[in-house]
Amino acid sequence: MPELPEVETTRRGVAPTLENAVIETVTVRHTGLRWPISETLAAVLADRRVRKVERRAKYLLVRFDHGTLLIHLGMSGSLRFVPPGTPPTKHDHVDLHLHDTVLRYRDPRRFGALLWHEGDPATHPLLARLGPEPLEDAFDGDYLYRATRTRRQAIKQVLMDNHMVVGVGNIYANEALFLAGIRPDRPACRLGTEETTRLAEAIRGVLARAIDAGGSTLRDFVGAGGEPGYFQQTYAVYARAGEPCRVCGTPVVQIRQGQRSSFYCPGCQPC
DNA sequence: AAATAATCCTGCGGGC
DNA sequence: TGCCCGCAGGATTATT
């Protein structure tokens, strides 16, 4: 389940090969993603040169002179380079054929998206109203404090709201709250400035460390390898209900927030 | 404005 | 062996 670090790792993995390369042809086997892939996408991309591969939130932005291909990996999407002629398997929905390699989009659950947008990507409806990037300077304790004053919802759910800050999914929301020593069900507006500062730093830290860890998997993007091995790292609380906290030994507690599971340590996150 | 629910889809583990 | 069920999950969209 790609979170922001996986998407950034993917960007770094594909950018060296993709940038300045020409997309010769495009094969679309299955248009049924989160939104249907445009019937004209293949024609729009054919014989066009990739200029840059960027990222906004969890969207990859493949920029051409005449527009941008937005790629979202959803829950189960991945991009891999495979040798030309590699037979597709069940969930390999799209191939971008470069001169001597193929960038293959795979997505078993089909929650992802490939969308074409002309003009400034920032104006796309899906990107226009997103909150700040967690790793950029605009996101800090002061911002988080000010932005949460009117929010009575639980802090964990607010962190996962893309209008507040982008790229914080269920795993890292839980992990960051543990690192900051804040219970996930605290009303966001009740956090003090020290807490929002700790939390903002915890979010930045946990994401930056995960991106660093992903760097070791970059070689997997070239060649025919198996699945990316990224992010089987150990978590402090995520998916560890009933197991002892790695810091204090207190059993990790699981609760339900907005149809999502949350995990916290009552010892390290007393309130 | 803010909060909540529903929704897309497949794979997997548990129970039987 | 295999079926049914529940759950997992990002993020939009609709609804209250």
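Just so we're on the same page: letters track the sequence lines, and every chain starts at 1. The structure displayed is predicted, hence computed values, not measured ones.
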* Rounded to whole angstroms, how far apart are CG on L73(A) and P on dA11(C)? -> 10 Å

Counting only pairs under 3.5 Å, give me each side-chain donor-acceptor contact of residues 66-73 of chain A, with atom names and distances, residues two or more places apart or in other chains.
unit_1, atom_1, unit_2, atom_2, d
H66(A), NE2, V44(A), O, 2.9
H72(A), ND1, G74(A), N, 2.8

* To do: Identify, residue by residue, the members of residues 251-266 of chain A with a heavy atom below 4.0 Å from DNA chain C, and return them in order of residue number, or none.
  => Q254(A), R256(A), R260(A), S261(A)

* To do: Can you sort out the partners of F263(A) under ring pair (Phe, Tyr, Trp, His ring centres under 6.0 Å), two or more places apart, ordered by chain and number?
  => Y238(A)

* **Protein-nucleotide distance (N174(A), atom CG; dG9(C), atom P), rounded to Å** => 9 Å

* Asked: Does OP1 or OP2 of dT12(C) have a side-chain N or O of Y59(A) closer than 4.0 Å?
  -> yes

* Measure from the side-chain N and O atoms of T86(A) to the backbone N and O of V82(A), and report whether any donor-acceptor pair falls under 3.5 Å. => no

* Sidechain N-carboxylate O distance under 4.0 Å for D185(A), K156(A) -> no

* Go through R106(A) and T89(A) one step at a time and tell me if the side-chain hydrogen bond (donor to acceptor under 3.5 Å, both in side chains) criterion holds. => CA-CA 9 Å; R106(A) 173 182 170 82; T89(A) 56; 3.2 Å; yes

* Pairwise salt bridge (Lys or Arg N to Asp or Glu O under 4.0 Å) hits with a residue in residues 251-264 of chain A, at least two apart -> none

* Looking at residues 118-130 of chain A, who's got a heavy atom less than 4.0 Å off DNA chain B? -> none

* Structure fact -> In the 5' to 3' direction, the nucleotides of DNA chain B bounding the stretch that comes under 4.0 Å of a heavy atom in chain A are dA2(B) to dG11(B)

* Quickly work out the N170(A) CG to dA11(C) C1' distance and round it to whole Å. => 13 Å

* For the residue pair Y105(A) and H93(A), categorise the inter-ring angle as parallel (less than 30°), tilted (30 to 60°) or perpendicular (more than 60°). => tilted

* Check the distance between dT12(C)'s P and Q157(A)'s CD and give it to me in whole angstrom. => 17 Å

* Atom pair distance, as rounded to whole Å: CZ in R109(A) and C1' in dG10(C) -> 11 Å

* **Between dC7(C) (C1') and M75(A) (CE): distance, integer Å** => 11 Å

* Asked: Taking ILVMFWY side chains as joined if any heavy atoms are under 4.5 angstrom apart, and letting links pass through other members, which residues group with Y264(A)?
  -> V253(A), I255(A)

* Asked: Rounded to the Å, how far apart are W35(A) CH2 and dA11(C) P?
  -> 10 Å

* To do: Would you classify R34(A) as touching base, sugar-phosphate or nothing, given that sugar-phosphate means primed atoms plus P, OP1 and OP2, and contacts are heavy atoms under 4.0 Å?
  => base

* To do: Among residues two or more places apart or on two chains, list those pairs meeting side chain to side chain donor-acceptor pair (under 3.5 Å) that have a residue in residues 189-208 of chain A.
  => R186(A)-E195(A)

* Could you give the NZ-to-P distance, from K58(A) to dA11(C), as a whole number of Å? -> 4 Å

* Structure fact -> Across all chains, not counting sequence neighbours, the salt bridge (Lys or Arg N to Asp or Glu O under 4.0 Å) partners of R56(A) are E133(A)

* To do: Using salt bridge (Lys or Arg N to Asp or Glu O under 4.0 Å) as the criterion, list what pairs up with E118(A), not counting sequence neighbours.
  => none

* Asked: How would you list, by chain and number, every residue that makes a side chain to side chain contact (heavy atoms under 4.5 Å, CB included) with E243(A), sequence neighbours excluded?
  -> R240(A)

* Rounded to 10 degrees, the angle between the two terminal axes of the helix from dA2(B)-dT16(C) to dC16(B)-dG2(C), each from five pairs -> 40°

* To do: Would you indicate whether R149(A), at its atom CZ, is surrounded by more than 12 heavy atoms from other residues, nucleotides or ligands within a distance under 6.0 Å?
  => yes

* Asked: Would you call R11(A)-E54(A) a salt bridge at under 4.0 Å N-O?
  -> no

* Asked: Does a nitrogen or oxygen in the side chain of H72(A) sit under 4.0 Å from OP1 or OP2 of dG10(C)?
  -> no

